[in-house]
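Here is the structure we will look at, set down as structure tokens.
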Amino acid sequence: MDKRDFGLGVMVTVGTVVFAAATAWPFMNAWAIHEYGSYKAAEDWILHSAPMGELVGGHRAIEHDWFPKGGEDAGQARYQFKVSGDKVKVDLNVILAESGGTWSVTRAAWHDDDDHWHEITP
């Protein structure tokens with residue numbers, strides 16, 4: 001094996017590693033949102049609040065996306081979820097605010113099949 005073959009092998013290996021990391025990075029970064037305190041607070045509210053129980057039913061689930069929609073910024077957070085239950089499946093927007101290290105839902109709304117928005121009182 002001469003130096004050119006070795007150099008080419010190293011370049012191919014490094015290129016493959018860089019490509020794999022660049023491809024995986026968006027997935028790993030997006031999935032990290034699931035660990036945010038605001039995201040967990042939104043999930044908890046969706047799964048355990050009385051208003052959401054009235055809307056979708058007692059047995060409800062959140063469909064997790066590979067790329068969650070939303071995020072945090074300066075004590076505010078906003079997320080979009082697909083929530084299904086015994087009664088209905090909805091696309092839900094949740095807005096949260098942080099106070100004293102605790103995230104709380106301040107507003108929530110969903111839209112129906114006719115694309116009309118309906119506010120839910122948290």
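Residue numbers start at 1 and run along the sequence shown. Any value given below was found using the heavy atoms of this structure, including those in side chains, with hydrogens, waters and symmetry copies removed. Remember, predicted model here, so these are calculated numbers, not experimental data.
By the criterion of side-chain heavy atoms lying less than 4.5 angstrom apart, applied directly or through intervening Ile, Leu, Val, Met, Phe, Trp or Tyr residues, I95 is not grouped with I33; the two fall into different hydrophobic clusters.
With values rounded to the nearest 0.5 angstrom, F81 atom CZ is found 8.0 Å from H64 atom NE2. Rounded to the nearest 0.5 Å, atoms CZ (R107) and CG (L96) are 12.5 Å apart.
Taking the side-chain contact (heavy atoms from CB on, under 4.5 Å) definition, one finds that E35 meets it with K40, sequence neighbours left out.
The side-chain heavy atoms of L47 and M52, taken from C-beta on, include no pair separated by under 4.5 Å. The side-chain heavy atoms of E98 and E72, taken from C-beta on, include no pair separated by under 4.5 Å. Residues W45 and I120 meet the side-chain proximity criterion, which asks for heavy atoms closer than 4.5 Å. At a threshold of 4.5 Å between non-hydrogen side-chain atoms, the residues K87 and L55 do not count as touching. The shortest distance between side-chain heavy atoms of D91 and Q80 does not fall below 4.5 Å.
Taking all atoms of both residues into account, the shortest heavy-atom contact from Q76 to A97 is NE2-CB, 4.2 Å. When all heavy atoms are compared, the tightest approach of D86 to G58 is OD2-N, 3.5 Å. Counting all heavy atoms, side chain and backbone alike, G37 lies closest to W103 at C-CD1, 3.6 Å. Taking both residues in full, the closest heavy atoms of P68 and Y39 are given as CB-CE1, 4.2 Å, listed atom of the first, atom of the second, then distance. Residues Y79 and G71 share a closest heavy-atom pair of CE2-N, 3.4 Å. Taking all atoms of both residues into account, the shortest heavy-atom contact from S49 to R60 is O-NH1, 2.9 Å.
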Practice problem: Would you please test V90 and H118 for side-chain contact (heavy atoms from CB on, under 4.5 Å) and show each step? | Solution: CA-CA 11 Å; V90 297; H118 305 274; over 6 Å; no
Exercise. Check step by step if side-chain contact (heavy atoms from CB on, under 4.5 Å) holds for W117 and N93.
Key: CA-CA 10 Å; W117 284 96; N93 286 328; 2.8 Å; yes
